Amino acid sequence: MDQLAAHLRAQDVFGSVLANAAPERLSAPSPCQGWDAQGVIDHVVAGNQLVLRRAGLEPVPLPDDARAAHSQSAAAAHAVFAAPGGLTRVFDTAAGSIPGTVFISLRTIDALVHGWDLAVATGQRADLDPELAAELLVVAKQLMSPQFRGPGRSFADEQPCPDDRPPADQLAAFLGRAIG
């Protein structure tokens, strides 16, 4: 799948889950350890803004409305990757210097798995975009290394997940979420 198309799809999936999240559910705990639903939303928006900062740009001004903030930050991050050289440039990140092709993959995985977190936290269906989730699981398995897992790190250990579960569940479990 084209990386730019995948990034748009993942951001759209997150946006759809966010649009259907009842405000009273935003304080509910999410499967992403230590975060409630609002924390997940804030993280995804901040991650989109981080793309701009890592590209040497100012983050976009965001409205107070979470849906609009996500939409605007996602569009701005996507514009960085879609710009000429956006996938070939090197981004300095907390994980080190990485090419745009890797950074967009990480951001795409992040948007989809946090869409799953938000769906679970807010009582929505979590079988998100099966085709995209299956492709991102393959990418995640290629990118994930042991130094990213464990206490105090970005990801918990892989959790068990039956093979007959939807690909989004399998992705979430691979990235350390307990599947209920």
Side-chain angles (χ1 to χ4, degrees), residues 1-21 26 30-55 57 59-60 62-63 65-83 86-87 91 93-95 98-122 124-144 148 154-156 166-177:
M1 180 179 296
D2 174 80
Q3 286 186 295
L4 291 170
H7 183 256
L8 277 177
R9 278 174 67 173
Q11 292 285 357
D12 287 348
V13 166
F14 186 87
S16 293
V17 174
L18 177 55
N20 291 309
L26 297 183
S30 85
C32 189
Q33 190 173 43
W35 289 354
D36 63 9
Q38 184 63 57
V40 169
I41 296 164
D42 294 344
H43 169 77
V44 171
V45 171
N48 289 336
Q49 294 281 58
L50 180 66
V51 173
L52 278 76
R53 283 194 294 281
R54 298 294 188 212
L57 303 170
V60 295
L62 298 175
D65 177 75
R67 292 175 184 111
H70 170 259
S71 178
Q72 290 176 20
S73 69
H78 189 75
V80 168
F81 292 127
L87 295 179
F91 291 86
T93 71
I98 57 175
T101 54
V102 173
F103 197 24
I104 194 173
S105 292
L106 294 173
R107 294 298 312 135
T108 303
I109 292 166
D110 192 71
L112 189 69
V113 78
H114 286 310
W116 185 90
D117 291 330
L118 186 58
V120 171
T122 59
Q124 298 179 55
R125 290 184 54 174
D127 57 341
L128 308 174
D129 198 331
E131 178 189 25
L132 180 60
E135 291 205 24
L136 292 180
L137 178 58
V138 171
V139 173
K141 287 182 177 183
Q142 293 169 349
L143 294 176
M144 183 61 67
F148 297 124
S154 298
F155 302 96
D169 288 358
Q170 293 177 34
L171 176 64
F174 178 72
L175 295 175
R177 274 62 164 186

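Small disclaimer: the values here were computed from a predicted structure and weren't measured.
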Distance check, rounded to the nearest 0.5 Å: [X] atom [atom1] versus [Y] atom [atom2]?
X: Arg107; Y: Phe81; atom1: CZ; atom2: CZ; answer: 7.5 Å
X: Arg177; Y: His114; atom1: CZ; atom2: NE2; answer: 5.5 Å
X: Leu175; Y: Ile109; atom1: CG; atom2: CD1; answer: 7.0 Å
X: Glu135; Y: Asp129; atom1: CD; atom2: CG; answer: 9.5 Å
X: Gln142; Y: Leu137; atom1: CD; atom2: CG; answer: 10.0 Å
X: His7; Y: Phe103; atom1: NE2; atom2: CZ; answer: 9.0 Å

Donor-acceptor pairs under 3.5 Å, side chain of residues 166-173 to any protein atom, not counting sequence neighbours: which ones?
residue : atom : partner : partner atom : Å
Asp169  : OD1  : Trp116  : NE1          : 2.8
Asp169  : OD2  : Arg165  : NE           : 3.0
Asp169  : OD2  : Arg165  : NH2          : 2.9
Gln170  : NE2  : Asp163  : O            : 3.1
Gln170  : NE2  : Arg165  : O            : 2.7

Check [X] against [Y] and note the closest heavy-atom contact, atom names and distance.
X: Leu18; Y: Ala66; result: CD2-O, 3.6 Å
X: Ser105; Y: Leu143; result: CB-CD1, 3.9 Å
X: Ala77; Y: Leu52; result: N-CD1, 3.6 Å
X: Val120; Y: Pro31; result: CG1-CG, 3.5 Å
X: Ala119; Y: Val17; result: N-CG1, 3.5 Å
X: Pro59; Y: Arg53; result: CG-NH1, 3.2 Å

Taking the side chain as everything from C-beta on, heavy atoms only, tell me whether [X] gets closer than 4.5 Å to [Y].
X: Ile41; Y: Phe14; answer: yes
X: Thr93; Y: Leu106; answer: no
X: Val60; Y: Leu62; answer: yes
X: Gln38; Y: Asp42; answer: yes

Tell me every residue that passes side chain to side chain contact (heavy atoms under 4.5 Å, CB included) with [X], counting only those two or more places apart in sequence or in another chain.
X: Thr101; value: Gln3, Leu87, Pro99
X: Ala82; value: Leu4, His78
X: Arg125; value: Asp127
X: Ala111; value: Ala10, Gln11

Problem - With sequence neighbours excluded, residues passing ring pair (Phe, Tyr, Trp, His ring centres under 6.0 Å) with Phe174 - result: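 Ring pair (Phe, Tyr, Trp, His ring centres under 6.0 Å) list for Phe174, sorted by chain: empty.
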Practice task
List the steps and the verdict of side chain to side chain contact (heavy atoms under 4.5 Å, CB included) for Asp110 and His43.
Solution key: CA-CA 9 Å; Asp110 192 71; His43 169 77; 3.2 Å; yes
Handout entry: Check: Ser30 side chain, Ala121 main-chain N or O, donor-acceptor pair, under 3.5 Å
Key =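 Side chain of Ser30 to backbone of Ala121: no pair is present.
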Exercise for the section: Ignoring hydrogens and angles, tell me if any N or O in the side chain of Arg67 forms a donor-acceptor pair with the backbone of Asp65 under 3.5 Å. Expected result: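 Not a single qualifying donor-acceptor pair exists.
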Handout entry: Check against side chain to side chain contact (heavy atoms under 4.5 Å, CB included), Leu132 and Leu112
Key = CA-CA 9 Å; Leu132 180 60; Leu112 189 69; 4.3 Å; yes
Practice task
Inspect the contact between Arg9 and Asp12 and indicate whether a charged nitrogen and a carboxylate oxygen are less than 4.0 angstrom apart.
Solution key: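 Not counted as a salt bridge, because no side-chain N and carboxylate O are separated by less than 4.0 Å.
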